[in-house]
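Protein chains get the first letters and strands the later ones, always in sequence-line order, with residue 1 at the start of each. Worth knowing before you read on, the calculation uses all heavy atoms, side chains too, and leaves out hydrogens, waters and symmetry mates.
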Protein chains: 2
Amino acid sequence: MGAGTAERRAKTEAEQGHGQGLRERRRQQTRAEITDAALELFAKGSVAATTVDEIAAAAGVSPRTFFRYFASKEDAALPVHQDFNAAIAAGLPSVDPQGELRREVHGLYGLMVQPYLDNASPAAQRMLQVTRLMRKEPSLRAAVVHQSLERTEEVQAALAARFGAVHEDALELRLAIDIASAVVRASFDAWASRLETGEPADLAAIYQQALDFSK
Amino acid sequence: MGAGTAERRAKTEAEQGHGQGLRERRRQQTRAEITDAALELFAKGSVAATTVDEIAAAAGVSPRTFFRYFASKEDAALPVHQDFNAAIAAGLPSVDPQGELRREVHGLYGLMVQPYLDNASPAAQRMLQVTRLMRKEPSLRAAVVHQSLERTEEVQAALAARFGAVHEDALELRLAIDIASAVVRASFDAWASRLETGEPADLAAIYQQALDFSK
DNA sequence: TGCCATTGTGGCAGATACTGTCATATTGAC
DNA sequence: GTCAATATGACAGTATCTGCCACAATGGCA
């Protein structure tokens, strides 16, 4: 295994260039396979009728491993919504502590829709697929709300620190976050709903409408 | 049918006056006992550390019976929030289909806070106890949001029918409901929060502040 | 008052979700 | 090439929740 080993090493380090090492890339791949399996099974049958064991088998991993990637079968179908956490984290530094509360928070949550403005993009197609499924599955909607709730608590803490004494009252901050979150969710829902019925739907326009209405 | 039969009939109907018969009253009593047991155990330990078996034992019923009353241990602590459904149902007829959407929906959801405006009332004390517990227990918060989500779907259907063609667009209706719901939840939370820290707190004033802020 | 349909309850078995732990294999750094 | 870190799988165990059945309590009706 002399030359073979060296070869393997070189390959490994080259791969670190984009994916942080083979290990991490393999992890992302497994994660994606679980998600694909879950979405397919959910679409074929239903969320309730699909077991974790089935998803794990379809993805080629053990049930135990499934739970190392996702906390529940619902979460397996919604990794898209975890990207939201990244979007929020990335946008936090841009929040102006002196700015108007509602405006700043809407600006922050508006980042969530950015990646999906082009209906034809793969990201948008994926999001549409999930949102469509969500419209039929109450348990998925509940899971999204659950994720949203957890995110809310973190965002509130982060924003409270950032706004400091300007908004020491938690009431308005919490409300601003919940409203911004509702605007985003309603926009995605309406977007998927309209495309489902064949209507043309522009996510940017829908989001703007929702935003205006919320004020 | 003799006089005896008539007498029994009358007695039965008299009981229906407050409790709809002994059966229903007994049911309410059992329900309350389960809730009390759950709240006590949750407060003593934590929601996660408390099992359904323990709650059932403390309430003097079998675990099987527990699940005939509540779908989960979290729900057992939150029957208060099911009163919301009754409040909404009662208020639906008063919604003006010609009125402004946001205004009407806020009017409807505002009914939820009505029973708790007097801080000293037993209902308010009970609500405070639950809300305080909720602030420490993420799983209870999640359960409340879950109940809220289910209620939302029903309310949306009812209001869509009531508003008819005036608001054929689901986006604004959904958003109005979600915002009104968030206003109520944030108000209760701030109310409990301020009383917890010893501050004076007027639920009516807080709700008004939240309402103004949301516009 | 007595009969009967309805309804509440408990016990049991079982499916499913999830977690801790250990042994094993793979990866990656030196 | 060796060793530490990490990923996986298998296993056992706990908790949630449901269907089913037998039994008891209730309430309508003759």
Side-chain angles (χ1 to χ4, degrees), chain A residues 1-17 19-31 33-34 38 41 45-57 59-77 139 142-143 146, chain B residues 1-17 19-31 33-34 38 41 45-57 59-77 139 142-143 146:
Chain A
M1 16 171 136
T5 305
E7 222 175 58
R8 180 169 303 183
R9 260 271 196 75
K11 190 180 170 191
T12 297
E13 284 170 9
E15 283 169 350
Q16 283 185 1
Q20 270 220 343
L22 186 145
R23 214 163 222 171
E24 183 57 24
R25 276 201 317 166
R26 172 98 188 111
R27 208 176 149 74
Q28 293 306 324
Q29 185 185 339
T30 303
R31 191 178 176 82
E33 280 165 7
I34 294 176
L41 289 170
S46 76
V47 174
T50 306
T51 67
V52 170
D53 285 19
E54 288 169 351
I55 301 173
V61 298
S62 71
R64 187 65 187 86
T65 293
F66 173 92
F67 284 110
R68 289 201 180 92
Y69 282 87
F70 297 102
S72 69
K73 61 182 177 183
E74 287 83 8
D75 280 354
S139 59
H146 191 266
Chain B
M1 6 176 147
T5 304
E7 223 175 56
R8 177 166 302 184
R9 263 268 196 76
K11 188 182 170 189
T12 297
E13 283 170 10
E15 287 172 345
Q16 287 184 356
Q20 272 223 344
L22 186 145
R23 215 165 221 170
E24 183 59 22
R25 277 197 314 166
R26 174 98 187 110
R27 206 175 152 74
Q28 294 305 325
Q29 187 184 337
T30 302
R31 190 179 177 83
E33 281 166 7
I34 294 176
L41 289 171
S46 75
V47 175
T50 306
T51 66
V52 170
D53 285 18
E54 288 168 351
I55 300 173
V61 298
S62 69
R64 187 65 188 86
T65 293
F66 173 93
F67 284 111
R68 289 202 180 91
Y69 282 88
F70 298 102
S72 69
K73 60 182 177 183
E74 287 84 8
D75 280 354
S139 59
H146 192 264

Q.
Tell me the interatomic distance from B:Arg27, atom CZ, to C:dT9, atom P, rounded to whole angstroms.
A. 6 Å
**Q.** Spacing of A:Ile34 atom CD1 and A:Arg68 atom CZ [to the nearest 0.5 Å]
**A.** 11.0 Å
Q | Counterpart residues, side chain to side chain donor-acceptor pair (under 3.5 Å), relative to A:Ser62 (two or more places apart) | A | A:Thr65
Q. For DNA chain D, what residues of residues 50-57 of chain A have any heavy atom nearer than 4.0 Å?
A. none
**Q.** Partner set under side chain to side chain donor-acceptor pair (under 3.5 Å) for A:Ser72, not counting sequence neighbours
**A.** A:Glu74
Q. How close or far is atom P of C:dA17 from atom CG of A:Asp75, stated in whole angstroms?
A. 13 Å
Q | A:Gln29: side chain to side chain contact (heavy atoms under 4.5 Å, CB included) partners, not counting sequence neighbours | A | A:Arg26, A:Glu33
Q: Please name all residues satisfying side chain to side chain donor-acceptor pair (under 3.5 Å) with A:Thr51, sequence neighbours left out, ordered by chain then number.
A: none
Q. Rounded to whole angstroms, how far apart are CD on A:Gln28 and P on D:dA7?
A. 11 Å
Q.
Here's a test of your reading of the structure: between B:Glu74 and A:Arg26, which maps to the more 5' nucleotide of DNA chain D?
A. A:Arg26
Q: Could you tell me which residues satisfy side chain to side chain contact (heavy atoms under 4.5 Å, CB included) with A:Ser46, sequence neighbours excluded, listed by chain and number?
A: A:Ala48, A:Ala49, A:Glu137
**Q.** Spacing of A:Gln29 atom CD relative to D:dT8 atom C1', expressed in whole Å
**A.** 15 Å
Q.
Using the side chain to side chain contact (heavy atoms under 4.5 Å, CB included) criterion, which residues pair with B:Ala38? Sequence neighbours excluded.
A. B:Phe42, B:Ile55, B:Ala76
Q: Just jot down the side chain to side chain contact (heavy atoms under 4.5 Å, CB included) partners of B:Phe67, sequence neighbours excluded, or say none.
A: B:Val52, B:Arg64
Q) In residues 64-73 of chain B, which residues come under 4.0 Å of DNA chain C by heavy atom? A) B:Arg64, B:Thr65, B:Arg68, B:Tyr69
